[in-house]
Amino acid sequence: MPLPVPPYIGQLPPGPRHAITDVAGVTVGHCTLDAGNVQTGVTVVRPHGGDLFHDRVPAASVVINGFGKSIGLLQIEELGVLETPIALTNTFSVASVASAQIRQCLAANPESGRSLATVNPLVFECNDGFLNDIQRMAITESHYLQAWAAAGAEVAEGSVGAGRGMSSFGLKGGIGTASRQVIAGDTGYTVGALVLANCGRLAQLVLAGQPVGAQLAAPDIAAAPEPEKGSIILLIATDAPLDARQLRRLALRAGAGLARTGSVFGHGSGDIALAFSTAFTVPQDPARAMPAIALLHDALLDPLFQAVADSTEQAIIHALWRAQAVTGRDGHHRAALADLLPRWPLV
């Protein structure tokens, strides 16, 4: 029997799509590989529809636990801007996807690396090697381009794109998204979250405050739990006018939403959050004027912090709730939450 509507987190209202794409201009695309031992893919988040190399958006990241192999975070920490779309994939495919981003930039901007600055590719990863034959390195540059071209306002969730081979809390994980609308001062803003959920152990799982994991029995989970080997990528978008310093503060609050689901940021988990704003762009060309924009006052950030925590927790729930069971490499299987949860709520 299908599960009912997933539990709703908090009191803030969602946007119309309940997705990161409720932040105007943001789009998401997937490319999914589903072929026997190959269970993997690419997901792309585009902050706007233009050329990010020329019209960059402010951004900041937070490393909650650094067992990860992402590309591009160092320059974001220094400059506080994104200049490519955000790509998600498996650990061994980071280089292929980064190469695709560089070639895409060069095609649009032939002087990058010559008269123009080099481009900073941004690729996040999680290890999907339980379900996917990660050693095949099946992702090619074309898969990134397919995900980029497929980007739109409607966001598929669960076992799709980069989430195809991901496991979370011993169950089938993957892509999840959510949004919240807030009032800060006298102005309304939107906060959206998208996660690539691949972390946690079943016994830790908490759904909307209920210790669900302790009450479930998944047949493919060993009695003696292994050390944490997963990761989670937490992406936050907003249309609030914030600079990189303020966006780092937003990204940090994604950890609050993650913790509510039972995660303890395990030793082998690469837990990384990134937040960006679509309120203005920062030009690559020094001849163009820098934006003159009134930033939101720090004293007004609390509603946005709440929205980040709530939408992050909600997105993780959606990733689990909407994932379908997958059997992949060497017959390894991850059951879907929908197949194991007898009812909701449990009490």
Given side chain to side chain contact (heavy atoms under 4.5 Å, CB included), test D330 with D133 step by step and report yes or no.
CA-CA 9 Å; D330 300 330; D133 184 358; over 6 Å; no
[X]-[Y] co-clustered via ILVMFWY side chain contacts under 4.5 Å:
X	Y	value
V123	L194	no
I20	L320	no
F169	I9	yes
L122	I139	no
V44	V57	no

Give a yes or no answer on whether the side chain of [X] reaches the backbone of [Y] with a donor-acceptor pair at less than 3.5 Å.
X	Y	result
H297	A299	yes
T261	E313	no
Q75	G72	no
T21	E154	no
T91	N127	yes
N109	E111	no
S263	A259	no
T190	Q181	no
R56	P283	yes
Q101	P85	yes

What are the two closest heavy atoms between [X] and [Y], and how far apart are they?
X	Y	answer
L131	M166	CD1-O, 4.3 Å
L258	F265	CD2-CE2, 3.5 Å
A279	S277	N-OG, 3.1 Å
A153	T27	N-CG2, 4.3 Å
Y144	V42	CA-CG1, 4.1 Å
C31	H143	CB-O, 3.4 Å

Roughly how far, to the nearest 0.5 Å, is [atom2] of [Y] from [atom1] of [X]?
X	Y	atom1	atom2	result
L205	Q210	CG	CD	10.5 Å
T118	I102	OG1	CD1	8.5 Å
L88	C126	CG	SG	8.0 Å
I316	I232	CD1	CD1	4.0 Å
I76	R248	CD1	CZ	13.0 Å
F124	T89	CZ	OG1	13.0 Å

Going by atom types alone, do [X] and [Y] pair a side-chain donor with an acceptor below 3.5 Å?
X	Y	answer
D34	T32	no
N90	T40	yes
S167	R334	yes
S70	E125	no
D310	Q314	no

Measuring only between side-chain heavy atoms, which start at C-beta, is [X] closer than 4.5 Å to [Y]?
X	Y	result
V195	L235	no
S96	T140	no
E141	R103	yes
T84	C105	no
C199	S231	no
F276	T238	no
I86	L82	yes
V23	S179	no

Salt bridge present between [X] and [Y] (N-O < 4.0 angstrom):
X	Y	answer
D128	R164	no
R180	D22	no
D243	R249	no

In sequence, state the C-alpha distance, the side-chain angles, and the governing distance for Q306 and Q11, and then conclude on side chain to side chain contact (heavy atoms under 4.5 Å, CB included).
CA-CA 10 Å; Q306 184 72 55; Q11 303 300 315; over 6 Å; no
Could you walk me through whether K172 and L337 pass the side chain to side chain contact (heavy atoms under 4.5 Å, CB included) test, one step at a time?
CA-CA 7 Å; K172 186 65 194 70; L337 177 66; over 6 Å; no
Should the pair H267 and F67 be assigned to parallel (<30°), tilted (30 to 60°) or perpendicular (>60°) ring geometry?
perpendicular
Looking at L74, I want to see if its CG is surrounded by more than 12 non-hydrogen atoms of other residues, nucleotides or ligands under 6.0 Å.
no
Chi angles and distances behind the ring-ring contact (aromatic ring centres under 6.0 Å, His included) call for H333, F130:
CA-CA 8 Å; H333 180 76; F130 181 78; 9.3 Å; no
Side chain to side chain contact (heavy atoms under 4.5 Å, CB included) evaluation trace for V282 with H54
CA-CA 8 Å; V282 179; H54 282 290; over 6 Å; no
